[in-house]
Amino acid sequence: MKQIQAVIRPEKLDSVKDALVDIGINGMTVTTVQGFGRQMGHTEVYRGVKIEARLLTKVMITTVVNDDKVDAVLEAVKTAARTGEVGDGKIIVTPVEASIRIRTGESGEATLA
């Protein structure tokens with residue numbers, strides 16, 4: 001099993017979620033996060049005053065999938081989240097040692113369905 005975390009633009013959340021549901025991913029956690037990458041924040045003008053936003057608001061989607069679904073998930077997220085501009089986000093894939101459904105005590109791949 002693998003955990004996939006995708007940090008994306010907030011306006012792309014619905015399209016990424018729909019793309020994941022379309023390929024059979026039926027569980028994910030969505031968190032609002034702040035950070036910076038190559039963009040290094042941005043500058044806005046509010047009531048004539050220049051304001052520097054050093055941290056940008058992004059959305060992080062986390063899901064755990066069977067190994068055979070990793071490539072499909074990566075492609076779905078890349079396609080749905082891409083704008084072609086700096087700041088589209090990142091995808092991180094990490095191994096999962098265990099997954100346990102609290103309600104039933106089931107463990108392993110059975111918890112992903």
Side-chain angles (χ1 to χ4, degrees):
M1 292 180 289
K2 300 283 192 257
Q3 177 180 13
I4 300 175
Q5 291 181 307
V7 179
I8 62 171
R9 297 173 184 265
E11 63 270 19
K12 291 296 194 171
L13 175 59
D14 285 336
S15 60
V16 171
K17 182 183 78 71
D18 292 344
L20 290 173
V21 168
D22 287 346
I23 63 167
I25 303 304
N26 58 8
M28 63 190 76
T29 301
V30 178
T31 311
T32 302
V33 296
Q34 290 187 320
F36 71 92
R38 190 175 293 167
Q39 285 175 291
M40 297 298 294
H42 62 90
T43 303
E44 294 181 6
V45 177
Y46 178 73
R47 295 188 177 183
V49 178
K50 193 176 189 181
I51 300 171
E52 284 191 36
R54 296 188 185 268
L55 297 176
L56 299 175
T57 300
K58 301 286 185 173
V59 173
M60 182 168 61
I61 298 171
T62 304
T63 189
V64 177
V65 300
N66 291 327
D67 290 338
D68 62 339
K69 289 203 171 208
V70 171
D71 290 337
V73 169
L74 296 178
E75 192 57 40
V77 172
K78 286 190 298 186
T79 301
R82 181 179 293 134
T83 68
E85 301 293 322
V86 172
D88 277 351
K90 294 272 189 293
I91 303 171
I92 296 122
V93 180
T94 54
V96 173
E97 291 186 24
S99 174
I100 302 164
R101 180 172 286 130
I102 294 171
R103 178 178 55 87
T104 62
E106 290 175 286
S107 63
E109 293 181 0
T111 64
L112 303 181

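Small disclaimer: the values here were computed from a predicted structure and weren't measured.
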Item to complete: Could you tell me which residues satisfy salt bridge (charged side-chain N to carboxylate O under 4.0 Å, His left out) with R82, sequence neighbours excluded, listed by chain and number?
Response: none

Do [X] and [Y] share a hydrophobic cluster (ILVMFWY, side-chain heavy atoms under 4.5 Å, transitive)?
X	Y	value
V77	V30	yes
L74	V21	no
V7	I91	no

Item to complete: For P10 and V59, work out which heavy atoms get closest and say how close.
Response: CA-CG2, 3.6 Å

Response to the item:
On a heavy-atom basis, the closest approach of A80 and A19 is CB-CB, 4.0 Å

Worksheet item: Taking atom types as modelled and ignoring hydrogens, do the side chains of E85 and T83 form a donor-acceptor contact shorter than 3.5 angstrom?
Response: no

Could you tell me if the side chain of [Y] sits less than 4.5 Å from the side chain of [X], heavy atoms only?
X	Y	result
S99	L112	yes
I25	V65	yes
N66	M1	yes
I61	L13	yes
Q34	K58	no

Practice prompt. Using modelled atom types only, decide if a donor and an acceptor are shared between the side chain of S107 and the backbone of I100 within a distance under 3.5 Å.
Written response: no

Fill in: Option passing salt bridge (charged side-chain N to carboxylate O under 4.0 Å, His left out) with D88 (candidates K78, R9, K12)
R9

Worksheet item: For T31 and T62, what are the C-alpha separation, side-chain angles and deciding distance, and is it a side chain to side chain contact (heavy atoms under 4.5 Å, CB included)?
Response: CA-CA 8 Å; T31 311; T62 304; 5.6 Å; no

[atom2] on [Y] to [atom1] on [X], rounded to 0.5 Å:
X	Y	atom1	atom2	answer
K17	L20	NZ	CG	9.5 Å
I4	M28	CD1	CE	10.5 Å
T111	R103	OG1	CZ	11.5 Å

Worksheet item: Can you check side chain to side chain contact (heavy atoms under 4.5 Å, CB included) on K69 and I23, steps first, answer last?
Response: CA-CA 9 Å; K69 289 203 171 208; I23 63 167; over 6 Å; no

